[in-house]
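One structure below.
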Amino acid sequence: MAPRSTEPPHGAHTPLVDRFGRVHTDLRVSLTDRCNLRCTYCMPAEGLNWLPKAEVLGDDEVVRLVRIAVRRLGIRSLRLTGGEPLLRRGLPGLIARLTELGPEISLTTNGIGLARTAHDLKAAGLHRVNVSLDTLRPERYAAITRRDRIADVLAGLAAARAAGLAPVKVNAVPVRGVNDDEILDLVEFAAEHGYRMRFIESMPLDAQGAWDRSKMITADELLEILAQRWELHPVGRHGNAPAEEWRIAGTDTVVGVIASVTRPFCGGCDRVRLTADGQLRNCLFATEESDLRELLRGGADDARIEAAWRNTIARKGPGHDINSADFVQPDRPMSAIGG
Ligand code: SAM
Ligand code: SF4
């Protein structure tokens, strides 16, 4: 059993603040680097060298780190991701344990297996899901993800809605010449089914290093496409949320755009990330990490882990350099960081 030290009284934590005054309250936890899809903008057809099981944090380790994050560092929201987080065995049990710690918990998933698990996840305390779906056309889905699974995703979305994992958000990465002709269709599909559509600019975080800026559909282009059919009213941003939102006039349909590349939101970033193998990252694009797993397994007490966490945040830079000539793509791809 790892040594413990006394926790501060409930609510008495010192905020997790960086040199620029950004207070970090959102923790993204990757539960596995493995995936059952092979999205072309994310990883190669053959997959990646998955982490050996022994290197992946176990449930007790995840729970301990989240406890430290919530009780000592003031983390209030938790997003579980991957790889594909639904591949994690015993996920409802882990979520139930995390729920007891008090943060709001959401999940980013490709939706495969969600039809089977949505009810249990909700019962365990999960609040919301984001489901990735880049196209409504089965053949195109199979081409983008290299797996013929669109029916599972659509069933997963419906099950999430039925289970009350609301709002159910649909994430799509529009890529020029691949699915950019479906932007309006995706919005209509989401509106029809009571989901909330969000488009994410493609980022240089693929494992192959093949990101091509000219293939990215920018936020400006997206808004132009939407404006061809609808009048849009800005809803703005919720707190530090990465998505800028627009409401379609005369409806309650809201569309979100996450423009990480062309409209970076680093100035309001409140996120910190934990990889499946226990490495803490202060940015999606960070090129360095802090090894919390080593501390955990080496018997460090909570105060020492808290200090390592605060040091990592203290080293956080002002923002990413995607748009600079000096940009260096991190060694870990998105799927191994936790998107
Ligand atoms: N497997 C889950 C999924 O697909 O939702 C969770 C992990 S995935 C890495 C998280 C999100 O990152 C997905 O919405 C996916 O579309 C997005 N993503 C993956 N690679 C990306 C890239 N190169 N640029 C932008 N978004 C990307
Ligand atoms: Fe898997 Fe998500 Fe990457 Fe697609 S985007 S390959 S579903 S991790």
Side-chain angles (χ1 to χ4, degrees), residues 28-48 50-51 79-88 91 106-114 117 128-135 141-150 152-153 156-157 160 165 168-176 178-180 186 190 195-213 215-219 222 242-243 256-265 271 273-276 281 284-285 320 322 327 329-330 332-339:
R28 315 254 152 159
V29 179
S30 172
L31 295 177
T32 177
D33 61 329
R34 291 170 195 249
C35 194
N36 41 11
L37 297 183
R38 299 286 183 271
C39 302
T40 44
Y41 52 76
C42 184
M43 61 173 77
E46 65 276 15
L48 298 168
W50 312 123
L51 290 165
R79 174 165 294 279
L80 304 176
T81 179
E84 177 42 50
L86 293 182
L87 293 180
R88 174 105 179 185
L91 183 59
S106 55
L107 177 84
T108 300
T109 171
N110 62 28
I112 293 170
L114 191 56
T117 50
R128 293 179 287 112
V129 282
N130 289 3
V131 178
S132 300
L133 180 65
D134 298 313
T135 172
Y141 184 89
I144 294 174
T145 66
R146 303 186 176 104
R147 299 288 186 272
D148 186 12
R149 305 294 297 270
I150 194 170
D152 302 67
V153 183
L157 277 166
L165 290 166
V168 176
K169 294 183 185 168
V170 178
N171 286 349
V173 179
V175 179
R176 199 176 312 286
V178 175
N179 60 345
D180 54 332
L186 282 163
Y195 311 141
R196 195 173 292 182
M197 196 64 219
R198 306 192 329 158
F199 295 98
I200 307 174
E201 283 183 348
S202 96
M203 294 180 273
L205 283 173
D206 56 315
Q208 312 89 299
W211 183 72
D212 177 351
R213 180 180 288 268
K215 294 273 169 58
M216 169 182 62
I217 300 292
T218 65
L222 234 149
V257 180
I258 302 181
S260 319
V261 180
T262 64
R263 301 179 182 185
F265 34 85
R271 257 148 275 143
R273 294 165 193 275
L274 182 66
T275 67
R281 301 174 62 88
L284 197 47
F285 295 93
H320 68 60
I322 302 177
F327 176 68
Q329 183 166 341
R332 275 190 203 253
M334 180 89 142
S335 61
I337 297 171

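Atoms within each ligand, like the ligands themselves, are counted from 1 in listed order.
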Which ligand 1 atoms, with their elements, are less than 4.0 angstrom from a heavy-atom of [X]?
X	result
N110	2 (C), 3 (C), 5 (O)
G82	7 (C), 9 (C)
N171	14 (O)
E201	25 (C)
T109	2 (C), 3 (C), 5 (O)
S202	24 (N), 25 (C)
E84	1 (N), 2 (C)

Apply side-chain contact (heavy atoms from CB on, under 4.5 Å) to the pair L133 and I150, showing each step before the final yes or no. CA-CA 8 Å; L133 180 65; I150 194 170; 4.1 Å; yes
T108-R79 side chain donor-acceptor pair, cut-off 3.5 Å: yes
Is the contact between C42 and ligand 2 made by the side chain, the backbone, both, or neither, using heavy atoms and a 4.0 Å cut-off? side chain
Nearest protein heavy atom to [atom], by residue and atom, and its distance?
atom	answer
atom 21 (C) of ligand 1	Y41 CD1, 3.6 Å
atom 17 (C) of ligand 1	M334 CE, 3.8 Å
atom 10 (C) of ligand 1	T108 CG2, 3.9 Å

Point-to-point distance, once rounded to the nearest 0.5 Å, from CD1 of I217 to OG1 of T262: 11.5 Å
Using 0.5 Å steps for rounding, measure from the CD atom of E46 to the CZ atom of R146. 8.0 Å
Of all the atoms in C39, is at least one N, O or S atom closer to atom 4 (Fe) of ligand 2 than 2.8 Å? yes
Where on T81 is there a heavy atom closer than 4.0 Å to ligand 1, on the side chain, on the backbone, on both, or on neither? side chain
Apply side chain to side chain donor-acceptor pair (under 3.5 Å) to residues N36 and E84 and explain how you reach the verdict. CA-CA 7 Å; N36 41 11; E84 177 42 50; 5.9 Å; no
Which of the numbered atoms in ligand 2 are below 4.0 angstrom from a heavy atom of C35? 1 (Fe), 6 (S), 7 (S), 8 (S)
Counting from 1 in the order shown, the ligand 2 atoms closer than 4.0 Å to a non-hydrogen atom of L37 are 6 (S), 7 (S)
Please determine whether the number of non-hydrogen atoms from other residues, nucleotides or ligands lying under 6.0 Å from atom CG of D148 exceeds 12. no
Should S335 be counted as touching ligand 1, given the test is an N or O pair under 3.5 Å? no
Has ligand 1 got any nitrogen or oxygen that is less than 3.5 angstrom from a nitrogen or oxygen of M203? yes
Just go through S260, C39, S132, A207 and tell me whose heavy atom is the nearest to atom 13 (C) of ligand 1. S132
Close approach of G83 to ligand 1, heavy atoms, under 4.0 angstrom: yes
